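Working notes, beginning with the structure itself.
None of the values given here were measured: they were computed from a predicted structure.
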Amino acid sequence: PNPVPSGSEERMFVAKFDNALQNLLASTAIGTVGSQKGYSGILTLDANDNIIIAGSHPSSGFSTDTSIESYWIDYHGFVAKLNSSLTVLLSAKTIVETIYSLGIDNTGNVFIAGTSDGQNSTEDVYVAKLDSNMQNLLSEKVFGGGNGADYATGLAIDDDNNVYVAGDTRSSDFPVTSNVFDTTYNDDGDIFFAKLDPELKNILIATFIGTENMMGSEGITLIQFNEEGDLCGVGFNHSKNWPTTQNAFQPEGGGHTRGFIIKFDKNLQTLLYSTYFGGDDGHDYINSISIVPAGYVYVAGRTGSSNFPVTSGAYDEIYNLDGDAFIAKVKPDTSTITGVFDITGTWNFSDTEIWDDCDPNTALESGTAAVTQSGDNITMVIDGKKFNGKINGLTASLSGSYSENGGNVTQNITVSLSSGTFGTGNSTWSWTDGNTACDGGSNFTFEKATTSGGDGGDGDGGGDGCFITTMKP
């Protein structure tokens, strides 16, 4: 509807590309022109492929605005609908609150979530329900604690049109319910998840998630249900003690702000999966995540870590000193996260220490290993000796048996990767000919020599991952 302004005027825009991202099909500016700039970070599609966006805008509003009038603030939250070709602004409405998230239920009603501005002595969580034309405010709810600020930054709607919101709270008296994952507030602030009925009348379930020493640097950026009905979320935190689950990709924090990926059951009682995700020497944030049919998930965000886990052969393996955007492929489920590193290829290994009680020596010393990978299953062949196992995050574990020196050897190998091209490992073995036995072990380095193969295959285990995106197909 509007041309893109020139010069110093700043306006929001919406753009449409083809699937290859090579051709700009349509683009439009939206909102009023002026020194105050608006912003929109939320976008989704309705059942008719109309585009719905939300964010904040100066209080002068939109050309088709039927907004609630502002009484003192300079900015309103807004929600707007454009047709799929971006030629018509179908409707727009401003709300006297700040909007951070939106969703659509299975009847087409639009839900928004954010924080209240000025209705209470401190900011509180704000959730509202509008009709599909976004002209009628059907219901709204403001809630939170009384002694701190509360913000809702994520919103998701289940199959029964119950509304889940997540965000950040500084209120020790935030209204959590019983029989949930965590009812104890941490003094430095917490992340919360809450479930409301479809009419936004009651808080049905609410829980904290967090730990001490959050240092006020945490946030949930997106939440969404997967096909199994589990509620997934991504965000960031500064704590070294964030609650992680068994076999997390990164079970420990690194002393800087690091992204996280979590998954709750729909009753908010069980933390099904939780992991850190990032590097060790900078601040990392996850802003978006989306699933592909095989269960793999693409995570996107920004990193300030020079040792952020990038893989060999990736589009860009070099960290820029001022920070970088990133995209990573992972596979979260209740027990494992794989797919970030595909170790298919030829690797050189070299023993750094050997202990062996056998005579003659049965150790595998320096040499090469041919590795193939399908999903999280890996096979390694060394001098004709075959080892099978799995890769779990940054750790590959394998075992194998073979004949050597007139007896049988059983050998276990573990490799800890620090990147997609280098790692360290250890091996232990036992040998017996039926009469006598001995054992030994070694430590070694593991470095990739050549790169071949694809992206780790499709995989088939662990169920579906999380689907979280600002675009809703």
Side-chain angles (χ1 to χ4, degrees), residues 246-249 251 294 309 311-313 331 333 335-462:
Q246 186 178 9
N247 296 326
F249 172 70
T311 55
S312 176
K331 190 175 183 182
D333 59 31
S335 62
T336 184
I337 178 167
T338 63
V340 172
F341 290 117
D342 178 4
I343 63 172
T344 298
T346 301
W347 292 74
N348 296 323
F349 66 92
S350 179
D351 286 313
T352 57
E353 181 182 9
I354 297 175
W355 59 98
D356 194 352
D357 295 333
C358 300
D359 187 18
N361 194 313
T362 61
L364 291 173
E365 299 179 359
S366 59
T368 60
V371 181
T372 56
Q373 180 176 340
S374 176
D376 59 356
N377 297 304
I378 54 175
T379 298
M380 180 185 298
V381 179
I382 303 173
D383 294 335
K385 302 174 178 65
K386 187 175 182 179
F387 303 87
N388 296 306
K390 290 182 176 292
I391 183 168
N392 176 20
L394 299 172
T395 303
S397 301
L398 307 98
S399 61
S401 299
Y402 53 90
S403 298
E404 186 86 3
N405 299 327
N408 294 316
V409 178
T410 299
Q411 185 167 2
N412 298 307
I413 298 173
T414 301
V415 179
S416 298
L417 297 163
S418 58
S419 71
T421 59
F422 184 81
T424 58
N426 64 79
S427 173
T428 59
W429 59 83
S430 60
W431 174 93
T432 181
D433 63 1
N435 296 312
T436 59
C438 61
D439 53 35
S442 67
N443 296 323
F444 57 86
T445 59
F446 199 62
E447 187 169 7
K448 200 165 191 178
T450 60
T451 303
S452 63
D455 61 359
D458 291 336
D460 58 3

State the CG-CG distance between D433 and N408, to the nearest 0.5 angstrom.
9.0 Å

Consider side chain to side chain contact (heavy atoms under 4.5 Å, CB included). Of T424, T368, T445, I382, which one does F349 pass it with?
I382

Candidates V409, D383, T410 - the one meeting side chain to side chain contact (heavy atoms under 4.5 Å, CB included) with Y402
V409

If I compare all heavy atoms of A248 with all of P251, which pair ends up nearest, and what's the gap?
O-CD, 3.7 Å

Decide yes or no for I378 and F387: does some side-chain heavy atom of the first lie under 4.5 Å from some side-chain heavy atom of the second?
no

Side-chain contact, heavy-atom cut-off 4.5 Å: V371 with T344?
no

Q411 versus K385: any side-chain heavy-atom pair under 4.5 Å?
no

Approximate separation, where rounding is to 0.5 Å, of N443 CG and S350 OG:
11.5 Å

Supply the atom-to-atom distance T379 OG1 to N388 CG, rounded to the nearest 0.5 angstrom.
4.0 Å

Non-hydrogen atoms of S399 and N412 that approach each other most closely:
CB-OD1, 3.2 Å

Of the non-hydrogen atoms in F446 and A369, which two are nearest, and what is the gap between them?
CE1-CB, 4.4 Å

Got a second to check how far W429's CH2 is from I413's CD1, nearest 0.5 Å?
9.5 Å

Closest heavy-atom pair, K448 versus G345, reported as atoms and distance to 0.1 Å, is CE-CA, 4.2 Å

